[in-house]
Each structure stands twice: as structure tokens, then as C-alpha cells.
> 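Dumping the structure here so I can ask a few things about it.
A note on names: the letters A, B, ... follow the listed sequences, proteins ahead of strands, and every chain is numbered from 1.
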Amino acid sequence: MQDSYRFAEIEADARALWEKAGASRAAEGAEGPKYYCLCMLPYPSGRLHMGHVRNYTIGDVITRYHRMNGRNLLQPMGWDAFGLPAENAAIKNGVPPAKWTYDNIAYMRMQLKSLGYAIDWSREVATCHPQYYKWNQWLFLRMLEKGIAYKKTGTVNWDPVDQTVLANEQVIDGRGWRTGAPVEKREIPMYYLKITAYAEELLGALGRLPGWPERVKTMQANWIGKSEGVEIGFPYDGGALKVFTTRADTLMGATYVAVAAEHPLAARAAAQDPKVAEFVEECRRGGVTEAELATQEKKGVATALTVTHPLSGAQLPVWVANYVLMGYGEGAVMAVPAHDERDFEFARRYGLPLKTVVRAADGAAQDPRALTEAFVTKDGVLCNSGKYDGLAYQAGTDAIAADLAAKGLGQKRVQWRLRDWGISRQRYWGCPIPLIHCDRCGDVPVPDADLPVVLPEDLAPDGSGNPLAKYKPFVECICPTCGKPARRETDTMDTFVDSSWYFMRYACRDNDSAMVDGRVNYWLPVDQYIGGIEHAILHLLYSRFWTRVMRDMGLVAFDEPFTNLLTQGMVLNHIFLRRGGSAGITYYSPEEVELKHDAEGRVSSAVLKADGRPVEYDGMGTMSKSKNNGVDPQMLVEKYGADTVRLFMMFAAPPELTLEWSESGVEGAQRFLKRLWKAVVEHTAAGPVPALNASALDGAQRDLRRQIHETIAKVSDDVGRRYTFNTAVAAIMELLNAVTRAPGMRPQDRALRQEAYETLTLLLTPVVPHIAEALWRGLGRQTSVMEAGWPAADPAALKRDTLELVVQVNGKLRGHIRVAADAAREAIERAALAEPSVQPFVQGKDVKKIVVVPGKLVNVVAA
RNA sequence: GCCUGGGUGGCGGAAUUUGGUAGACGCAACGGACUUAAAAUCCGUUGGCCGGCAACGGCCGUGCCGGUUCGAGUCCGGCCCCGGGCACCA
């Protein structure tokens with residue numbers, strides 16, 4: 001072994017060895033049960049960022065752990081290669097998105113390889129390859145045939161200057177990001193996927209996903225949002241205005257109805273009243289996101305229209321209100337201001353009447369004029385509601401629903417919050433939607449034989465409109481049905497389509513004649529999926545939906561794509577800045593800043609290294625280009641080596657929490673590896689090691705051996721079950737500390753040390769595979785550490801003769817006692833009361849009870 | 001606004017499942033050893049307050065307020081602050 005830890009050589013040698021052995025190749029049906037470990041595929045943005053490194057290191061640790069436990073492993077990698085950033089880069093630099101993307105992939109692939117991940121690169125997939133997106137198109141056509149895909153209008157952000165549809169992130173404070181022009185809402189035809197047809201199943205199946213975090217399941221359930229309620233018709237001369245409500249019991253308290261600005265009744269009112277038209281127009285401005293709509297000031301306008309209350313026959317005014325969402329329910333609501341917060345606020349603002357129809361079960365009806373807030377409860381009883389007075393929530397709802405049904409003006413139904421998935425994007429760098437528009441034949445699907453519809457790769461967008469639409473060789477085509485000239489669809493698909501099934505294609509990416517084949521049913525479902533919490537809803541829900549669509553077409557034999565899910569936290573770093581001047585805020589990279597500490601070690605100030613003058617500290621934030629606080633993994637790998645970076649990432653925080661970047665923490669990780677290296681060098685330099693004879697150990701040796709095996713048990717549990725890699729690493733560090741502090745040189749001391757170092761090497765292999773490979777050989781092994789099995793704790797070594805228990809008096813720690821491991825309860829109680837440090841606290845007091853928690857503590861309750 | 005997490009020393013974090021020794025492990029800081037010197041390395045101290053020459057002991061302490069319990073970082077109720085998502089960023 002080399003005297004010192006030279007990571008560059010060690011890592012290059014280890015990787016060459018694995019490469020030669022094909023150690024990361026996965027083959028169907030190879031030895032052991034299969035295990036599919038998958039990380040969310042990266043967007044090829046240019047360089048790896050720390051979030052990627054964290055994600056893929058977690059995946060690699062899990063992969064290598066299960067491989068050492070005899071599983072047949074698949075860990076693939078691919079590229080989510082379509083998307084907006086490539087077009088933005090193209091606008092900025094004039095490079096076609098394809099070239100930019102392929103260059104980025106090449107660089108980032110090299111980076112991933114330098115981190116030593118056990119990835120089967122022979123299965124690599126890029127979603128911008130025609131061989132991949134051909135199957136997006138193929139399945140889309142199948143969905144069209146089955147009615148799962150369909151066409152309807154949808155609302156988009158429209159930049160009137162650039163004549164372009166904008167993504168939500170391109171709308172800044174209601175204006176286009178490039179033009180600064182106020183953005184308008186615009187209705188355009190789009191294609192949708194009927195995810196709502198699967199709402200019930202997607203919701204119900206969450207209960208059968210024990211391997212998913214509760215938080216993700218809760219978020220998905222709320223997103224799908226099943227509401228049971230009543231659909232009510234309010235008749236008017238042109239028919240009946242439909243509303244949906246979960247509070248039909250309060251129907252007698254409805255004092256007006258409100259419709260969304262996009263509702264047909266609003267259009268009708270606008271045609272008669274310029275003030276309504278103006279308000280509808282005002283609502284057309286501004287963004288389309290739910291956050292914007294929900295936080296905007298609640299505004300509305302009265303119309304001359306009225307509708308008839310279905311039970312009382314009263315005439316209720318129709319308002320147009322910006323808080324009613326066209327996308328949910330019927331785009332209209334009945335307003336019961338006394339018992340709904342939003343209606344209350346709106347009614348107070350516009351002086352609309354309130355009517356109290358619910359009272360507390362043990363109280364009287366409140367005077368609506370005295371209300372300071374809406375009285376919202378399902379635990380009250382009805383009042384001021386005629387024949388329904390005295391009924392509770394459920395009985396009231398049932399009675400009112402029954403009466404409405406009898407009149408043909410209502411029925412119970414379920415309403416979902418989930419909306420169908422609009423997949424049309426008016427953008428170039430995406431998968432073309434395989435349709436042809438013919439004046440005679442309408443929308444004609446591209447025949448399967450003509451797939452894929454290949455996206456031309458040499459166009460360069462300029463920010464105005466979709467370059468595809470201006471590119472005649474793409475647009476102009478022949479109608480497959482009538483053979484006459486026709487126009488090709490130029491919208492492309494949402495990139496979430498690409499990522500909804502890529503994990504299946506890894507199993508069979510070489511199959512050019514089918515989307516998936518039997519190998520998919522060997523590898524899938526994914527055993528462990530790992531990715532950012534920001535994907536908790538959309539990506540994961542779309543994938544669950546897409547998998548079910550494929551199942552129903554007989555393409556795959558499973559329902560859920562991901563059996564276990566681990567959502568990793570983000571990577572943060574310090575933010576430093578200076579304000580003022582014409583430049584506004586300037587952000588400085590933490591590398592350019594020097595921190596000053598006071599005597600207690602607190603950070604007292606920060607100065608820019610370049611000029612020695614202070615900079616403002618703005619706390620921790622997600623690493624990002626805009627805050628200039630990113631750290632380049634490549635620099636770190638070159639400076640410290642891949643193992644050090646991997647070790648730091650695993651040690652600094654548990655995977656689900658945010659991780660705060662710390663260069664000194666990285667240095668600490670390297671210090672540990674150097675110390676380990678040095679310890680093993682010293683150990684092996686002392687010559688051949690005798691065999692261990694466990695029955696010949698003395699007390700101190702038995703203690704050390706117990707710690708070795710306790711560490712095996714703990715690390716196995718932490719890595720294999722809990723995924724708390726930070727505590728696994730801490731236990732490994734403790735073991736190294738213990739071994740190096742037991743410096744005996746008797747034969748059994750050295751034999752024990754050999755066991756300790758072999759154990760440390762094996763336990764560390766998933767986290768720092770390169771150095772583990774070198775240590776394993778240094779310790780005298782001939783085969784790769786990747787072939788070594790995961791160690792098992794020896795139950796005999798774990799046995800203890802005596803236990804230390806904590807003694808509390810009234811819950812306060814007062815002392816410790818050592819008892820035999822099999823001591824009886826009475827003996828433990830006696831020992832606790834006799835303990836000198838406990839005595840003063842029980843003396844002269846009445847011992848009321850003694851709580852004994854086996855193996856842990858004794859609590860004496862005394863007064 | 002709605003949905004969802006989180007808050008523990010100077011800092012990252014530990015205390016697992018089912019309430020049972022708060023502060024493991026590491027970083028930073030300080031003191032010491034080695035060195036001509038520095039770096040590196042090694043050893044030691046390190047939640048706060050109080051008492052003691054010392055060994056050691058006492059009290060307080062897990063965002064805030066209240067509750068349940070023999071016992072609460074952990075459970076319950078109410079608040080404050082920070083993060084993720086909100087359907088065209090990925």
C-alpha cells in the first residue's frame with residue numbers, strides 16, 4: 001500500500017478495474033432476486049450541480065449495499081433532454097437547442113463517471129432521441145384511439161408583443177420576461193390526457209404504497225381532492241345554472257350566485273353591460289397560476305341577470321367574481337356568505353345580504369348583522385331553513401339533495417380537484433405531437449408506419465413564437481387519408497410525458513419494434529426511487545397515471561411504477577451580497593468571501609477576499625445561479641476526490657432534510673479517509689496477522705469486538721432500512737476511533753484489528769467504493785470488494801453479561817446502576833434504591849411506585 | 001390564499017420502532033504537543049448559569065404559550081418563523 005492516501009490514483013485504478021470487469025452491467029435473470037434502484041433522471045443543464053451529486057450518491061449507496069447483499073442490481077441513467085432551458089440558451093447564444101443539449105450530456109456523463117457511480121451505461125436513454133420519443137407518439141395515438149387523449153381549449157399566458165405563449169416562470173409580475181408587456185390569458189385548442197378517469201384508482205392505491213413517505217401520499221391525495229357533494233341547478237330563462245357544493249345543507253342561506261369571468265353567463269351579461277365587459281376584460285389580464293388567483297384581491301361585478309333559488313323560488317342576483325375558478329366544478333358557485341369565508345368577505349365588500357342558516361347545536365341563530373366572520377362548521381344544526389330546521393349537516397344535506405332530485409334540479413355527485421393533463425406546448429424543443437390537420441379530413445393521426453415524427457434538430461428559436469411553425473419542410477405535408485396537402489401539428493408535448501415512463505425504457509432501450517417488452521416485467525416496478533421532494537406531486541402522479549394506461553393496454557403487468565420512494569432535500573449554501581449603486585444587488589460566491597469569527601466561534605463578519613471590505617450575509621439558500629452560491633462538483637472531485645465528496649454528502653445530513661454546504665465539512669470527510677488509510681497502512685506494515693480466536697479474548701478485547709459487531713448491526717439497519725446514512729457514517733467513525741485507541745500488539749489484538757479494518761472497509765464500500773477497493777487489497781484480499789458480501793453481526797459477539805441502567809427520581813436523572821443482564825425486577829429496584837447518588841433524593845420520602853423500563857432505566861416516584 | 005414539511009449548543013446534526021440518560025459523530029473555536037517556523041498531524045476543553053482547590057454537585061435548557069404523563073425534543077391544543085408544491089421550470 002502507498003504510505004499516504006493518494007486519491008487520484010486510487011480512484012482511477014478502482015474505476016479501471018470495475019470497467020474491465022463490467023461490474024455495473026445488469027442482466028435479466030442473473031443470480032439473486034432483482035433490485036431496481038432508480039434516481040430521477042437529470043435535465044442536462046450544462047454541469048452537474050450538488051443536488052445531482054446528492055441524489056446519485058444516495059442511489060449509489062443503496063445500489064451497492066443491495067448488490068453486496070446478493071441482489072441482481074439495475075442502476076441506469078438517462079437524460080430528460082427536452083425543455084425550455086435549451087431554447088433559452090439558444091436565444092441567448094444562437095446555438096441550436098440540440099447541439100447545446102448533446103454537448104451538455106457529454107460533459108455531464110463524464111462528470112457522473114468521475115464520481116464512480118455503479119451505473120449500467122449500456123442502458124442510457126435520452127428523451128430527445130427519436131428512438132425514444134417515437135414511443136411517446138405511438139402511445140399518444142393509442143390514447144387518442146381509446147379516448148384517453150382528446151382535444152379541447154385551454155388557457156395560456158399570451159405575450160402580445162412577442163406573439164408567444166409564455167410558461168408560468170416566464171411571467172414576472174404579470175409581464176412577459178423579455179418584452180415587459182402585460183400578459184393576457186388566451187384560449188387555444190390543446191390536447192389533454194384523461195387522468196381524471198383514473199382519479200379514484202390513483203387516490204385509493206395510495207393506501208397500498210407503504211414504501212412511500214406519508215407526506216407525499218397526503219400531498220397527492222389532497223391534489224386529487226375528492227369531494228362528495230351536490231350539484232344544484234338554479235333555473236333561469238335560458239336553462240339552469242349549475243353549481244357544485246359540499247355544503248348543500250346551507251342552500252337556504254344562499255343570497256346570490258357568482259360565476260367565473262370565463263363562464264358563458266358572464267359573456268352573456270358582458271354583451272349587455274359595458275361594466276361587466278370591462279371586468280371580464282380585466283380578469284383576462286394577469287397570470288393563470290392558482291397561487292396568483294388565490295392571493296389576488298377578491299373583486300366582482302353585479303350583472304342584471306338573476307337565477308331562481310331551486311327550493312325557495314327567490315330571485316338571486318348573478319355576480320361575476322374573480323375568486324370563482326372556471327377550472328374547478330362548474331365555474332359557478334352558490335354564495336352563502338354567513339357560512340363561507342370567501343363569500344363572507346365578498347358580501348361585506350359589496351354590501352350583499354347575509355342569511356344565517358346554521359346555528360350551534362346548543363345555541364340560537366346568530367344575527368347576520370352581528371357576524372364579524374363567517375360561521376363555518378359541520379357540527380351545527382340548520383335554522384331559518386323552513387322544513388329543514390333542526391337537521392344536522394348530513395341529514396340536512398340528504399334531505400335537501402332528495403328534494404332537489406325530485407324537482408330535477410340536483411343530485412349528489414363526486415367532484416375532483418384533479419384536472420385533466422394538458423400536454424400541448426407551443427414550443428420547439430419537445431416531442432412533436434403526431435397529428436396532421438387536413439381541411440377535408442380534420443385531425444388525422446400520423447400512421448404508425450410513419451413514426452417517429454422527427455423533430456428537425458438544426459432550428460434556432462429567437463423568442464417569438466415556435467420556430468417549427470415557421471419551418472415549411474416540417475409543417476407542409478400530405479394528408480395520410482386523402483393524399484392532399486395538409487399541415488402538420490407544430491405543438492410539442494409537455495416534457496412530463498417524457499419522464500412518465502423513461503424508467504421502463506431502461507429495461508429494453510435496444511428494442512426498436514416495441515415500446516416495452518417482457519424485460520420490463522422482470523425489472524419493474526422500481527424497487528427504490530430517489531429524487532427531489534419538488535416532484536412529490538406532478539411527476540410522480542403522471543408516472544402513476546401513465547403506468548396504468550399502459551397496464552390497461554396490456555403493455556405492462558404492474559399498477560404502481562415505484563414501490564419505495566425516497567425524497568431527498570435540497571442543497572443549500574451561504575448567500576453573500578452587496579446592495580446599492582446602479583448595479584442593484586450583486587451576489588458574491590462563498591468562495592470569494594472570507595468569514596471572520598469572534599472568540600466564541602460565532603461568525604462575526606464576512607469580507608470579500610478581493611478587496612477586504614465587508615459583504616452582507618443573507619443566510620442559507622438553495623444553490624442557484626441567480627444567487628451565485630453554487631459549488632462546482634468537478635472542482636471538488638479534482639481537489640478532494642470523489643470519495644471525499646460522496647462521504648461528506650452522506651454524512652452532513654439525513655437524506656430527506658436540506659443539506660447545508662460546508663467546505664470545512666468536506667475537509668473533515670477527507671481527514672477521516674486519511675486517518676483510516678494511515679491506520680490500515682500501520683496495521684499491515686506490522687507483518688502477517690494471526691487468526692482470530694474469539695474465545696481467547698480478554699474483557700477489553702471482547703468490548704472492542706462487541707463494538708465491531710454492534711456497528712455492523714447498526715450500519716446494516718441504517719443503510720438497509722432507515723436510510724440514515726449520516727448516522728451510519730457516525731457509527732463507522734466511532735469504530736475507527738475505538739480501534740485506533742486500542743493499541744495493543746499481542747497476537748489477538750492484531751487479529752481483532754484485522755477484523756475491525758475489514759469490517760470498516762466493507763461497511764464503507766457503498767459510500768466510498770474507491771478507497772474501499774484499495775483498502776480491501778491492502779488488507780490482503782485478492783478479489784474486488786464489489787464481489788465481497790455484506791458482513792453479518794455475530795450474535796455471540798453482541799452478548800452482554802451486565803447492563804448499565806439509568807436511575808431517575810421523579811423523572812430526573814440521579815445515577816446509574818450496573819446489573820446482570822438477566823437481573824430480576826426486584827433486584828433492579830433494590831439496587832436502584834441502594835445507589836448512593838440516589839439515596840439523598842428518596843430519603844425520608846414515600847416511594848409511591850417504581851417504573852422499570854427493561855434494559856434502559858428505573859424511575860422512582862417519591863413524594 | 002390553499003396543500004405539505006421543518007425549527008435541538010457557535011454550526012451541520014444525534015437521541016430509530018412504540019414517550020424513557022438531550023447534545024452521539026463531525027465542523028468551528030480555544031489550549032497544548034511536535035516543528036527554526038508554518039502547514040499537516042496528534043492530545044485536551046467546549047450548551048448556559050451557580051457552588052467547589054479539586055474529584056464533583058445543583059439548577060435551567062430542544063421556536064413561543066398552555067395541557068396530558070411517574071417521565072415530553074418526541075403526544076395534544078393554540079400561536080410565531082423558515083422551506084417545498086400549486087397544474088407551461090424541471
> Less than 4.0 Å between a side-chain N and a carboxylate O, is that true for A:Glu214 and A:Lys217?
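Answer for the salt bridge query: yes.
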> Within 45° of the ring axis of A:Phe841 and under 6.0 Å from its six-membered ring centre, is that where the NZ or CZ of A:Arg814 lies?
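A:Arg814 over A:Phe841 ring: yes.
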> Please work out if A:His535 contacts a base, only the sugar-phosphate, or nothing of the nucleic acid, heavy-atom cut-off 4.0 Å.
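The residue A:His535 makes base contact.
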> For nucleotides B:A39 and B:G20, find the distance between their C1' atoms and express it as a whole number of Å.
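Between the two C1' atoms, the distance is 48 Å.
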> Answer whether the closest heavy-atom distance between the side chains of A:Ile188 and A:Val156 falls below 4.5 Å.
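When only atoms from C-beta onward are counted, A:Val156 and A:Ile188 do touch, with a gap below 4.5 Å.
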> Students often get this wrong, so: under 4.0 angstrom with heavy atoms, is A:Phe651 touching a base, only sugar-phosphate, or nothing?
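Here A:Phe651 touches the bases of the nucleic acid.
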> Taking C-beta and beyond as the side chain, do A:Trp100 and A:Pro44 meet within less than 4.5 Å on heavy atoms?
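No, their side chains stay 4.5 Å or more apart.
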> Could you grab the distance from atom OG of A:Ser500 to atom CE of A:Met493, nearest 0.5 Å is fine?
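It is 11.0 Å, given to the nearest 0.5 Å.
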> Could you check A:Val680, A:Leu764, A:Leu676 and say which one makes a side chain to side chain contact (heavy atoms under 4.5 Å, CB included) with A:Leu736?
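Filter result, single survivor: A:Leu676.
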> Using a 4.0 Å heavy-atom cut-off across all strands, classify A:Val165 as base, sugar-phosphate, or nothing.
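Base, at least one base heavy atom under 4.0 Å.
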> Output the rounded distance in Å from CE (A:Met733) to P (B:G12).
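Going from CE in A:Met733 over to P in B:G12 covers 17 Å.
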> On a whole-Å scale, what distance lies between the C1' atoms belonging to B:C82 and B:U8?
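Between the two C1' atoms, the distance is 15 Å.
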> Please classify the nucleic acid contact of A:Thr289 as base, sugar-phosphate, or nothing, using heavy-atom distances under 4.0 Å.
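Sugar-phosphate, backbone atoms only, no base.
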> Show me the pairs that pass salt bridge (charged side-chain N to carboxylate O under 4.0 Å, His left out) and involve residues 44-55 of chain A, at least two apart or across chains.
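Only A:Arg47-A:Asp632 qualify under salt bridge (charged side-chain N to carboxylate O under 4.0 Å, His left out).
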> Just to be sure I understand the rule, does A:Pro42 reach a base, reach only the sugar-phosphate, or reach nothing, if contact means heavy atoms closer than 4.0 Å?
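The answer is nothing, as A:Pro42 stays clear of every strand by at least 4.0 Å.
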> What is the distance from CG of A:Leu813 to P of B:C56, rounded to the nearest Å?
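Between P of B:C56 and CG of A:Leu813: 15 Å.
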> Would you mind classifying the nucleic acid contact of A:Ala536 as base, sugar-phosphate or nothing, using non-hydrogen atoms under 4.0 angstrom?
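Here A:Ala536 touches no strand at all.
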> Sugar-phosphate atoms are those with a prime plus P, OP1 and OP2; base atoms are the rest. Using that split, label each nucleotide of nucleotides 2-7 of chain B B, S or - for protein heavy atoms under 4.0 Å, 5' to 3'.
-SSS--
> Take the protein atom CG of A:Leu659 and the nucleotide atom P of B:C11, then report the distance between them rounded to whole Å.
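Those two atoms, CG and P, are 17 Å apart.
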> Would you kindly give the CZ-to-P distance between A:Phe344 and B:G1, to the nearest whole Å?
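About 18 Å, once rounded to whole Å.
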> By salt bridge (charged side-chain N to carboxylate O under 4.0 Å, His left out), which residues pair with A:Glu663, not counting sequence neighbours?
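A:Lys639.
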> Taking the P atom of each, how far is B:A38 from B:G47, in whole Å?
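Here B:A38 and B:G47 have their P atoms 29 Å from each other.
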> Heavy atoms only, 4.0 Å cut-off, all strands: where does A:Gln426 land among base, sugar-phosphate and nothing?
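A:Gln426: base contact, heavy atoms under 4.0 Å.
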> At under 4.0 Å between heavy atoms, what does A:Lys674 touch on the DNA or RNA strands: base, sugar-phosphate, or nothing?
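The residue A:Lys674 makes no contact with any strand.
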> Check every strand shown and say whether A:Asn737 touches a base, only sugar-phosphate, or nothing at a heavy-atom separation below 4.0 Å.
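The residue A:Asn737 makes sugar-phosphate contact but no base contact.
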> Taking the C1' atom of each, how far is B:U18 from B:A28, in whole Å?
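Their C1' atoms lie roughly 37 Å apart.
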> Does B:C89 have OP1 or OP2 under 4.0 Å away from a side-chain N or O of A:Arg425?
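Checking A:Arg425 against B:C89: no side-chain N or O falls below 4.0 Å of OP1 or OP2.
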> Which parts of nucleotides 69-81 of chain B does protein reach within less than 4.0 Å, heavy atoms only, written one letter per nucleotide 5' to 3' as B for base, S for sugar-phosphate only and - for none?
-B-----------
> For atom C1', what is the distance between B:U21 and B:A14, given to the nearest Å?
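Looking at atom C1' only, B:U21 and B:A14 are 13 Å apart.
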> Would you please say whether a donor-acceptor pair under 3.5 Å links the side chains of A:Glu292 and A:Thr289?
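Yes, A:Thr289 and A:Glu292 have a side-chain donor paired with an acceptor closer than 3.5 Å.
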> Regarding A:Ser424, tell me which of base, sugar-phosphate or nothing describes its non-hydrogen contacts under 4.0 Å with the strands shown.
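Base contact.
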> Parallel, tilted or perpendicular, judged at 30° and 60°: which one describes the rings of A:His52 and A:Tyr56?
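A:His52 and A:Tyr56: parallel rings.
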> Please classify the nucleic acid contact of A:Met493 as base, sugar-phosphate, or nothing, using heavy-atom distances under 4.0 Å.
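Result for A:Met493 = nothing.
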> Over all strands shown, is A:Arg417 touching base, sugar-phosphate only, or nothing at heavy-atom distances under 4.0 angstrom?
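If one applies the 4.0 Å heavy-atom cut-off, A:Arg417 turns out to touch a base.
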> Would you mind classifying the nucleic acid contact of A:Lys678 as base, sugar-phosphate or nothing, using non-hydrogen atoms under 4.0 angstrom?
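Answer is sugar-phosphate: A:Lys678 comes under 4.0 Å of backbone atoms only.
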> Determine the contact category for A:Leu418: base if any of its heavy atoms lies under 4.0 Å from a base atom, sugar-phosphate if only primed atoms, P, OP1 or OP2 are that close, otherwise nothing.
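Base contact - A:Leu418 has a heavy atom under 4.0 Å of at least one base atom.
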> Wobble G-U and Watson-Crick pairs count when both distances are under 3.5 Å; given that, what is the 5' to 3' dot-bracket string of RNA chain B, with | for pairing to other strands?
(((((((..(((.......[....))).(((((.......))))).(((((....)))))..(((((..]....))))))))))))....
> Name the orientation of the base relative to the sugar in B:G23: syn if the glycosidic angle is within 90° of 0, else anti.
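Base orientation: anti.
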> Please confirm whether the shortest side-chain N or O distance from A:Arg814 to OP1 or OP2 of B:G57 is below 4.0 Å.
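No.
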> Classify the side chain of A:Arg675 and the base of B:U41 as holding, or not holding, a donor-acceptor pair under 3.5 Å.
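Absent.
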> Taking atom P of B:A14 as reference, at what distance in whole Å does atom CG of A:Asp718 sit?
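In whole Å, B:A14 P lies 11 Å from A:Asp718 CG.
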> What pairs meet the salt bridge (charged side-chain N to carboxylate O under 4.0 Å, His left out) rule with one or both residues in residues 849-863 of chain A, with sequence neighbours excluded?
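As it turns out, there is no salt bridge (charged side-chain N to carboxylate O under 4.0 Å, His left out) pair with a partner in residues 849-863 of chain A once direct neighbours are skipped.
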> Does B:G26 have OP1 or OP2 under 4.0 Å away from a side-chain N or O of A:Asn726?
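Result: no.
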> Taking the side chain as every heavy atom from C-beta outward, state whether A:Leu857 and A:Gln808 have any pair of such atoms under 4.5 Å apart.
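In short, these two side chains touch, coming nearer than 4.5 Å.
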> Say you pick atom C1' in B:U35 and the same atom in B:G48; how far apart are they, in whole Å?
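The answer is 38 Å between these two C1' atoms.
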